[in-house]
Amino acid sequence: MNKVIEKTAKMIFLICAITGVLAVVSITVYMFIKGTPALKNVGIAELLFGNVWKPTANPPAYGIAYIILSSIIGTFMAVLIGIPVGLLTAVFLSELAGKKIATIVGGAVELLAAIPSVIYGLIGMMVLNPFLYKLELLVFKNKPEHQFTGGANLLAAIIVLAIMILPTVISISTSSLKLVPGNIKNASFALGATKIQTIFKVIIPAAKSGILTGVVLGIGRALGEAMAINMVAGGSVNVPLPFNSVRFLTTQLVSEMSYSSGVHRQVLFTVGLVLFIFIMIINFILLKMRRRDVMTNA
Amino acid sequence: MLKSKKRVSDIIMYILIYVCSFLSVLLLAGIIIYVFVRGISSVNWSFLTTVTSKLKGTVGIAGNIVNTLYIIIITMLIATPVGVGTAIYLNEYAKAGKLVTIIEYATETLAGIPSIIFGLFGMVFFGETLHMGYSLLTGSLTLILMVLPLITRNTQEALKTVPDSYRNGAIGLGAGKWHMIRTILIPSSMSGIITGVILAVGRIVGESAALLFTAGSAKALPKTLAALFPKLFQSGGTLTIQLYLSATSEGDFGTAFGIALVLLAIVFLINAGTKMLAGKFDVNRLK
């Protein structure tokens, strides 16, 4: 009797554990099944390298090159802003701040991570977009050929993304900076280095792999963010220039999935597949990095 | 000469570090104050207890609150046992090997998939292949996959802190493995499990991209308690979805900021809850 119970328990736990594996496998299979027909129906080159997006015109054009490019450039720029700011904050939290101030700043970072993305989008719409519109009017004062966006543009999306990845970068970097052994720091001080020199020449290089993990996680987060940037980036497929209204891989799905049909819908699934492949590459890099960390620590 | 040059660069770095650090605090304060000022005039009793209706002239989010709670309950009812079960299998049963590596990789991968992909998958798999359409059930099933890694990881962390002597003691006294798990392991890792559950609830409350194409956007309130059950198979928009629609297609910013304020309050309460639990956890470990 007891044996039966033990065996059933083990079986049930095993089934639970397999659920996650099944989920990953079926998501992957579905993304490929749904995402590949358009490659055949539209043509790989025309789809991935075409830069005209007119899904409802006759004849329709399904080029998603600008969409892919917007996602890459938007993510890259957001990370470029978010990482130095995040890393310096992490340095403050782990090396400079007193206990009380560290609690306040650390708490603020945690709460920033908890704020839903639609709220970032809403505030971006109400605060950032009008401000960027003023800037746009100033920059393009004598250029009537510029298509004015009302401030809903790539720049707005980059700023919102940079803010949204901050908590990820800060928390991962802070914990890896804290892991740097004290004797390395003391050795640096003993050699006459100042605190700042020690931080930038000794502590940060020693925590490099942990900080890099934070960077990669931040890239993944920025690439996958949908709702917030959908609200602030405008809505047309365009060359990703700072003051152009743009579409990202994610926002393309949010804005057109509900009314698409036929080939248009198939192409949207290809957009999803491209995003999925990007994310899987990032996941793979993360797994490799974690594994290497475990090996070197052991 | 050289020395003073170095000091200048040090000072510049100090300034940069301080500016960047206080940016986070400033951002948070700015967001809270802005949402509060813009949202407080919308939030009152009828906003929280009625449904927006032109006919009755009411503006309210009661339907969205019910939908959000509904999705939280269904999702957590399934995700909690499965997530905890996964952690128990990995920690207590599995021997290091291929299967464990695969399960751990899968958990990591799930945690890295963005919510819009979960939404897409939920829409085609639960919505179309399994014919559940836009419904609260489709939304919940989708979110289960999304929050599983959170619960699994937190439970695993908690299980790792349970000393081996507890396990050996129980087994030595003649308890079966299942009995030991049920009476020793689960109770002593309860605070870790609860932390995972609370974090997952927070994630669900803030989620929007995964729900847009799975749970839809209806905001009707069920008229009777009996009407709650069929609601499972009907479309229903959560607070975040309604915020998104209010701010974009409906252009009703009063409602949008009202919901934003309610969401911020919920999210901050959840954060305080996990903090409290974490504190408790530490004390237990010190004993």
Side-chain angles (χ1 to χ4, degrees), chain A residues 2 5-6 9-10 12-14 16-17 19-21 23-24 26-27 30-31 34 85 88-89 91-93 96 104-105 108-112 114-119 121-123 125-127 163 166 170 194 196 220 223-227 231 250 253-254 257 272 275-276 279 282-283 286-287, chain B residues 6 10 13-14 16-18 20-21 23-25 27-28 31 34-35 81-82 85-86 88-90 93 102-103 105-110 112-117 120-121 124-125 145 148 152 176-178 202 205-206 208-209 212-213 240 243-244 247-248 256-257 260 263-264 267-268 270-271:
Chain A
N2 260 336
I5 293 176
E6 290 301 330
K10 190 177 176 183
I12 290 174
F13 288 128
L14 179 64
C16 289
T19 312
V21 181
V24 172
S26 27
I27 291 175
Y30 260 82
M31 290 313 287
K34 286 282 175 176
V85 176
L88 289 181
T89 309
V91 164
F92 177 76
L93 285 174
L96 298 176
I104 296 173
V105 177
V109 172
E110 258 176 56
L111 288 182
L112 279 179
I115 293 175
S117 53
V118 280
I119 295 186
L122 178 65
I123 294 175
M125 280 173 84
M126 305 306 281
V127 180
I163 293 172
L166 266 186
I170 294 173
T194 64
I196 291 287
L223 205 56
E225 178 51 43
M227 301 305 266
M231 293 163 88
T250 50
L253 297 171
V254 172
M257 206 42 151
L275 174 67
F276 184 69
I279 292 289
I282 285 169
N283 273 343
L286 270 177
L287 285 175
Chain B
K6 260 178 200 154
D10 276 17
M13 285 319 293
Y14 273 120
L16 278 177
I17 289 173
Y18 278 91
C20 289
S21 310
L23 188 71
S24 298
V25 182
L27 271 171
L28 180 72
I31 290 172
Y34 190 75
V35 168
V82 176
T86 305
I88 289 177
Y89 183 81
L90 285 175
Y93 285 96
I102 293 174
I103 295 169
Y105 271 22
T107 309
E108 297 264 329
T109 308
L110 268 189
I113 292 178
S115 42
I116 182 85
I117 302 269
L120 224 51
F121 172 73
V124 287
F125 183 68
L145 308 180
L148 259 186
T152 302
K177 194 156 189 174
W178 161 238
V205 170
S208 44
L212 195 59
F213 304 126
T240 47
L243 192 168
Y244 172 70
T248 52
F257 276 105
L263 280 174
L264 277 189
V267 161
F268 289 174
I270 287 174
N271 193 279

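Residue numbers begin at 1 in each chain, while the letters A, B, ... track the order of the sequences.
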Problem set entry | Considering all heavy atoms, the nearest B/S208-A/S117 contact | OG-OG, 3.9 Å

Exercise. What is the minimum heavy-atom distance between A/L122 and B/A260, and which atoms define it?
Worked result: CD2-CB, 4.0 Å

Side chain, backbone, both or neither: which part of [X] has a heavy atom under 4.5 Å from chain B?
X      : result
A/I170 : side chain
A/L112 : both
A/L93  : neither
A/A226 : side chain
A/K34  : side chain
A/F92  : both
A/L96  : side chain

Exercise. In terms of ring plane angle, is the pair B/F125 and A/Y30 parallel, tilted or perpendicular, where the classes change at 30° and 60°?
Worked result: perpendicular

For this session: Would you confirm whether A/E6, through its side chain, and B/K177, through its main-chain N or O, come within 3.5 Å as a donor-acceptor pair?
Result: yes

For this session: Under the side chain to side chain contact (heavy atoms under 4.5 Å, CB included) rule, what do A/V21 and B/Y105 come out as? Steps first, then yes or no, please.
Result: CA-CA 8 Å; A/V21 181; B/Y105 271 22; over 6 Å; no

Problem set entry | Straight-line distance of B/I116 CD1 to A/I279 CD1, nearest 0.5 Å | 11.5 Å

Seminar exercise, completed: Looking only at A/I282, A/V127, A/I12, A/L166, most heavy-atom pairs under 4.5 Å shared with chain B are made by A/V127

Between [X] and chain A, with a heavy-atom cut-off of 4.5 Å, which part of the residue counts as in contact: side chain, backbone, both or neither?
X      : answer
B/I270 : neither
B/I103 : both
B/L90  : neither
B/Y93  : side chain
B/T107 : neither
B/I17  : both

Exercise. Are any of the side-chain heavy atoms of A/M126 and B/Y34 separated by less than 4.5 Å?
Worked result: yes

Exercise. Are side-chain heavy atoms of A/I27 and B/T109 found at a separation under 4.5 Å?
Worked result: no

Exercise. When you look at B/L212 and A/M257, which way does the side chain to side chain contact (heavy atoms under 4.5 Å, CB included) test go after all the steps?
Worked result: CA-CA 10 Å; B/L212 195 59; A/M257 206 42 151; over 6 Å; no

Problem set entry | Test log, rule side chain to side chain contact (heavy atoms under 4.5 Å, CB included), inputs B/T240 and A/M227 | CA-CA 10 Å; B/T240 47; A/M227 301 305 266; over 6 Å; no

For this session: Show the numbers, then the answer: is there a side chain to side chain contact (heavy atoms under 4.5 Å, CB included) between A/L287 and B/E108?
Result: CA-CA 8 Å; A/L287 285 175; B/E108 297 264 329; 3.8 Å; yes

